[in-house]
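Values below: every heavy atom of this structure, side chains too, minus hydrogens, waters and symmetry copies. All ligand and atom numbering here is 1-based and tracks the order in the structure. Sequential numbering from 1 along the given sequence is applied to the chain's residues.
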Amino acid sequence: MPVLRVLGGGREVGRSAYLLIEKERGILLDYGVNFEEEDHPQFPLHVRPIDLAGVVISHAHLDHIGAAPILYITGRQPIYVTRPTLDIAKLLINDFLKISGFYIDYDIAEFENLVSHAVLVEYGNEYEVEGYVILASSAGHILGSMLTYIDTPSGHRILYTGDVNTINTWTLSSAELWPKKIDTLIIESTYGSRKHPPRYLVEKNLVNSVEEVISSGGTVLIPAFSVARSQEIISLIQTELPHVEVYIDGMSRDITEIYMRHRKLLRDPSLFEKVVENTYFVRGWSDRRKIWRKPCVIVASAGMLKGGPSLYYLKKLGGSSRNAIYLVSYQAPNTPGHKLLEGGKLEELGISELKARLQWFDLSSHAGKDGLLSIVNRYKSSLRNVVIVHGEEDSAVELASMVKNLIDEDINVYIPSNSDEIVLE
Ligand SMILES: [Zn+2]
Ligand SMILES: [Zn+2]
């Protein structure tokens, strides 16, 4: 019987790392990092590369891939990953090394070593390693993200969701759930206790709010996560408000270029082409110093105002009530974005009172609790184990109780902690 060892991501969002073992060697599902309050990276529990038949990386976010290069200091096992995941991860890991290098046990050479062992996954193709069969489909979360179906050598059937979104967005179609029989579901629970408001309402609200500011001569700053959220926002604004000038800056701009290169994987490649054609890419300080002086929308990283050009624009725009700051990304406690929402000021940036309009919009790229439950429902006829990971305790517990309500039969629902081991029956 296969065993699942939780190396990270147990009762926490992030640091995903799950080791699936049957016989001697196993498959590692993600190997990510977390950030504690002081923003120092925390790594998952150790695993010896020699004990791995292969590694699967669900997507490019650091909480799924940030620790994986450690395995390639000495390791040579194949790593199953999509091309866009590698392209995006390269930027994110470079940035991670620049900011936190002092705390990280690898360098860019180990990432390059990882890349040289990559088996580039295409959705729908099967890959076999030491008796494990791996198959992936789109998870709808960010470009290149995948749901992973694994059959173990003894025939136990597993689905690992990674991070998943079950609604269509501007850039991606919802997760592609294949009609297969599944014995064990390993599911994320970031929003296991939360229902997102309907996306079209949130978007309408954001569009109207942007329009109000622009039509009265103001400028709108939208700090956004560089991956997925920025591309969503430019697509939304360009389509609904074609007369508005849209600028994109920082890492958001670089990731948009990667999205453009892989546009075939997007929901509507020709729409995205048009969006990018009509978006102004900020190339440097001479652009940056000019654009905020006129009515326009500026989409810039970082989404939680932890750095990047969004800080510069915030300082320039925050002092006038004509302007607006619209936050569209999750704001973790203790981040500047969170502090600004709570207190309307940001002393460390010299903003003692924000005069610009400030509002937060829920545009998550994670499924809400109804979406997560729909995944369980899809496979309920064959499910025997549901393992709830990648969520705070409250979220995971609520999802667990909903899963038990949905499936009356005897089914094992686990909310493992890190270092727990589950025998999958
Ligand atoms: Zn994640
Ligand atoms: Zn993610």
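- Classification of the His59-His141 ring pair by plane angle, with boundaries at 30° and 60°, yields perpendicular.
- For the Zn ion (ligand 1), the neighbouring protein N/O/S atoms at less than 2.8 Å, given as residue and atom, are Asp63 OD2, His64 NE2, Asp163 OD2, His390 NE2.
- Taking every heavy atom of both residues into account, Tyr80 and Tyr127 meet most closely at CE2-CB, 3.7 Å.
- Between Tyr191 and His196, the ring planes are perpendicular. Angles over 60° get that label, and only those under 30° would be called parallel.
- Of the options Tyr414, Tyr160, Tyr31, a ring pair (Phe, Tyr, Trp, His ring centres under 6.0 Å) to Tyr18 is made by Tyr160 and by none of the others.
- For Asp151, there are no salt bridge (Lys or Arg N to Asp or Glu O under 4.0 Å) partners two or more places apart in sequence or in a different chain.
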For this session: Please report the C-alpha distance between Lys90 and Glu112 in whole Å, then the side-chain angles of each, then the deciding distance to 0.1 Å, and finally whether the salt bridge (charged side-chain N to carboxylate O under 4.0 Å, His left out) criterion is met.
Result: CA-CA 9 Å; Lys90 185 169 184 176; Glu112 296 299 350; 3.3 Å; yes
